[in-house]
Every structure is written in structure tokens, then in C-alpha cells.
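The structure appears right after this line, and notes come after that.
All values below were derived from every heavy atom in this structure, side-chain atoms included, with hydrogens, water molecules and symmetry-related copies excluded. Reminder, nothing fancy here: chain letters follow the sequence lines and each chain counts from 1.
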Amino acid sequence: MGIEIKNVKKVFPIKNSNIEVLKDVDLSIADGEIISIVGGSGCGKSTLLRIISGLDFATKGEVVIDGKTVDGSTKKDIGVVFQEPRLFPWSTVEKNIEFGITDKLTKEEKKKKVKYYIDLVGLTGFEKALPHQLSGGMQQRVNIARSLINEPKALLLDEPFGALDAFTKINLQNEVLKIWEKQKTTLIIVTHDIDEAIYMGNRVVVMSSKPGVVKKVIPVELPRKRNRTGTDFAYIRRKVYSEFFEETEELAEYVI
Amino acid sequence: MKEDSKFKEYSGSFLLAIWIPAILVVLWAIGTNSGALNNSIFPTPQRLFSSWKEMILSGKYLNHVLSSFGRVFKGFFIGSLLGITTGTIIGLFAGAKKSTVALIGMLRPIPAIALIPLFILSLGIGETSKVAVITLGSFWPILINTIAGLSTTDPKLLEVGTIFDKSKREVLFRIIFPSAAPYIFTGLRLGVSSSWTCVVAAEMIAASSGIGYLISYGREMAQPATLFIGVFSMGIFGLIIELLVINLQKKAIYWVPNAK
């Protein structure tokens, strides 16, 4: 599913002034591509994701998905993994994941599918657990499974692993990549973790704040599965870091 | 071992809950038997319990209790049905909320008890007027809490419904109603206790049976024991109802840890 972001501008009226959150964002994402968007907080990266998903509107410009302009009505073939788990506290793990199914399926088919995705995110045995009985990482896995079960053609992930510990994070990154390899889902991952951006993305989009603009698009031409400790990886990491810290150059030497 | 420690825990908290009432009963016994408290107003515990026992054995007591409970049940049932349905409509539709906000604001501060004379005049002295008072008394807290519950659904959860392209009906039953359930239950709890207050008040004004009737009868006939049987019954049954509702609430909104 190809996604065209054309001159998107977003203005939030706050009190008497208008804050420009996104300014002339232009980005073309190919079908089956993985795009990482990195930027500090307040650069409008989450807002951009909300506009692509149809949860929010652009003040100017448009997002075109497979030739159709996003007009606020969401489509079921675009999945969103929210930053927070957003689970229903009254539903079991099973029921929460099942909520993600939008196709008309029989009870048996649903059950089978739910079981498959529970296994996939490693929550076997917790089918009947309620969200408050799970750790934060487990809740986030339910959130991801709920989006994956719908088999969306494009999946938008808003800092999906931000609240997880390093090990769970790496596991889930690999899970998402595995699914991508199988289903060739177009992925847009918003993150503030530069390593994650490079590990996941075919391209890394660096955004800067106030107003949020695309500062640079850095291609990551490394074969998968990528080695986070390799020299090529380090080279790209340095490139991304330099994009970030040229604004405040005195920081650069401390970071790398 | 585990059973044993649980038993100890329960009996421990029971003892803690009971020691202050026990001291009060002892003080009451000393006060009334020594003559410090006027026996024509405050009966001795012995006198109270023997009258109570007599009333229970004759079957009269059960009749009074059942007629109060029957009224509470009818009034509360109608009140909660009306409260939840009206509250749902007002909570879901902004237009309905805007058109009723002034009306609700004006009518709600009027205590149901203040309307007993009006109900008697319009509905007669029979059962209908009493049930109407209870209905009204339970209606308000249930209505207000249902509205609050339905209009405060977490927008983040509603977005989940939007993203997965769910129908309005599914969003209502899988997101909005469950989110509102704890509020609705708070309303039901307040409604039950308000029903209980209303039934006793209505029976004190015009009735020939019920716990409220016992109180006014005791006063008229200068039978302090009867009056106190009524007063204590109110407390005891009020507590029992409260415990039942809390228990039900814990089961119904199982996902709220430490639901009280």
C-alpha cells in the first residue's frame, strides 16, 4: 500500500495564537516499505501519523493512499499501534485481541486466529487474563497483536516499544519484521530511538521541531537481519545523530 | 493453614467492627437500668429485645419488614429503569443534554420527601404514592451518574473503535457501556440508600404497615420500644442492603481492582 504525503500542514489553535505543528511535509512511501520517523518530542511526528490514519485532519495538503485521498473516514486496512496499550480493562486478552478483527468470520475462525496471534506475541497462557493483571510490556504486546490480527496493508506504529525493557523491545522489533517479511505490510514507525529507527527502517526520516518539518531522509541500505553493533550500522547512526545535533553543536561530542 | 489464617483475619476484622457498637450497648444498658436515662423515652435493652422477640414471633414484624421491602423493590426497580434509560439518552446525545440541563438542575435539589404531600394529593394515600416517592428518590442519583458515565468515555478508547472501523452499536456495547458501568453502579448504590430513606419517610407520614409506620406508631402510642425497633431495623436493613449491593458491584465491575 503506497502512501503519498503531499505538502501536509497542521496548525493547532492554542488560546489566541496558532501553533504550526507540521509544515510542508512531503513524503512518498512505497508499497511494502518500512519508514522510520525520528524526532524529538513536539516535532509533530505523532500528529503526522494521526493524519495518515484519518484520526486527524491536515490543515492544508493531503495524504493519498493507493490513489485515494484520506478524508477522515478511517479504513480498515490501515492499522495503528498506539503509544499506550489502550486495552479495554473489562475484556480479557483474548477479547481485546479479537476486537481487532474487522472481517466477518465465524466463531471458530476467530478463535483460531486469536490463538495464532496470542502465540505470536508470546502470551500463551494469558488468554483469560485481564489487562490490569499484565505487565506494561505484556499489555503492549496485546495492543500489537490486536493491530496485527486485522492483517492491515499498512501499519502505523506510534512509539510502539517506547515503554518496554530492552529485551522485550528487541524481541518485538524482530517479530514485527518477521511479519513484514511474510506479509509485506507497509510500515511507518514513529520513534525517538535512533537505533530502532535504523534497525527497522528502509529509510529514516529525520524531523525537526517548531514547526515540524522533514529535515532529511537517510536511506538505510543494509541487508537484513541487521547487526546493531556493526560498523555500517554505526556509520548510519553517526549520520542520523549529526542531523539532530547540528542545531546545538556543542552537544555532538558528548553524544557519540 | 491458609483457611485458618483467613478465618483469623475475618474474625479479627469482625471483632474490630463490633467493639464500638458493643460498648455503646453496654453504656445504654447501664444508663437505662440505673435510671440516668428516662425509661419512658429510652427503653432498657431487655425491654426492647423482648418486645422485638414478641413482635417477631407473632409474625407482625415480618409483615412490616416485607411491606417496606416490597415498596423499596418496586420503587427502586422503576426508578433505576427510568434513570438508566433517560440517563443513556441524555448522556449519548448532546442535544438531549443541552435541552435538559436546566430542567435537571432545577428539579434535582428538591428532595423526594418534600413531594410526599403532593404525591398523596395526586395519587391517593395508597401504595402508589409511596412507590412514587421511592421511584423519584432513586431516580435522581441513578440518572446523574448514568449521564456522567456515558459522557466521560475515554476518547482514547473510542479511537480504538474508530481505527477498527466498528459500528456505532459495537462501540456502544463494547466501549461506552462498560466504561460507564462503574458510574452506573455508584448511582445504583446511592439510589438504594435513597430508596430506603424515602420508604421510611413515606411510611411515617401515611401508612398502616412498614418500618416507618412502626416509628410513628411507637410515638403516637407512647411505646418507646416499638419506636426503637423501627429505628434499629432501619439501620440493620440499611447495612444489609449496602453489603449486598457492594458484593454485586464487585462481581459486576470485576475489572476495577479494589472496587468498593
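Among pairs with a residue in residues 36-49 of chain A, those fulfilling salt bridge (Lys or Arg N to Asp or Glu O under 4.0 Å) read Lys45(A)-Glu159(A), at least two apart in sequence or across chains. Listed by first and then second residue, the salt bridge (Lys or Arg N to Asp or Glu O under 4.0 Å) pairs that reach into residues 101-116 of chain B come to none, sequence neighbours excluded. For residues 62-72 of chain B, every residue pair satisfying the salt bridge (Lys or Arg N to Asp or Glu O under 4.0 Å) rule, not counting sequence neighbours, is listed here: Arg71(B)-Glu127(B), Arg71(B)-Glu203(B).
For the atom pair CG of Leu87(A) and CH2 of Trp255(B), the computed distance is 14.5 Å after rounding to the nearest 0.5 Å. Between the OG1 atom in Thr162(B) and the CG atom in Leu55(A) there is a gap of 6.5 Å [rounded to 0.5 Å]. We find the CD1-CG distance between Ile78(A) and Asp165(B) to be 10.5 Å, quoted to the nearest 0.5 Å.
Residue-environment remark: CZ (Phe69(B)) exceeds the threshold of 12 foreign heavy atoms within 6.0 Å. Applying the 6.0 Å contact sphere to CZ of Phe73(B) captures no more than 12 heavy atoms from other residues, nucleotides or ligands. Lys184(A) NZ: more than 12 foreign heavy atoms inside a 6.0 Å radius. Within a 6.0 Å sphere centred on CZ of Phe77(B), other residues, nucleotides and ligands contribute 12 heavy atoms or fewer.
Taking the side chain as every heavy atom from C-beta outward, Phe88(A) and Ser179(B) never approach each other to under 4.5 Å.
Scanning both residues, Glu159(B) and Arg50(A), for their nearest heavy atoms gives OE2-NH2, 2.5 Å.
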Go through the steps for Arg174(B) and Phe99(A) under the test side chain to side chain contact (heavy atoms under 4.5 Å, CB included), then give the verdict. CA-CA 9 Å; Arg174(B) 298 228 27 203; Phe99(A) 191 81; 3.7 Å; yes
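Looking at Gln133(A), neither its backbone nor its side chain comes within 4.5 Å of chain B, counting heavy atoms on both sides.
Results of the side chain to side chain contact (heavy atoms under 4.5 Å, CB included) test with Phe164(B) over Ile101(A), Asn150(A), Val80(A) single out Asn150(A) as the only residue that passes.
Using a 4.5 Å cut-off between non-hydrogen atoms, no part of residues 81-107 of chain B approaches chain A.
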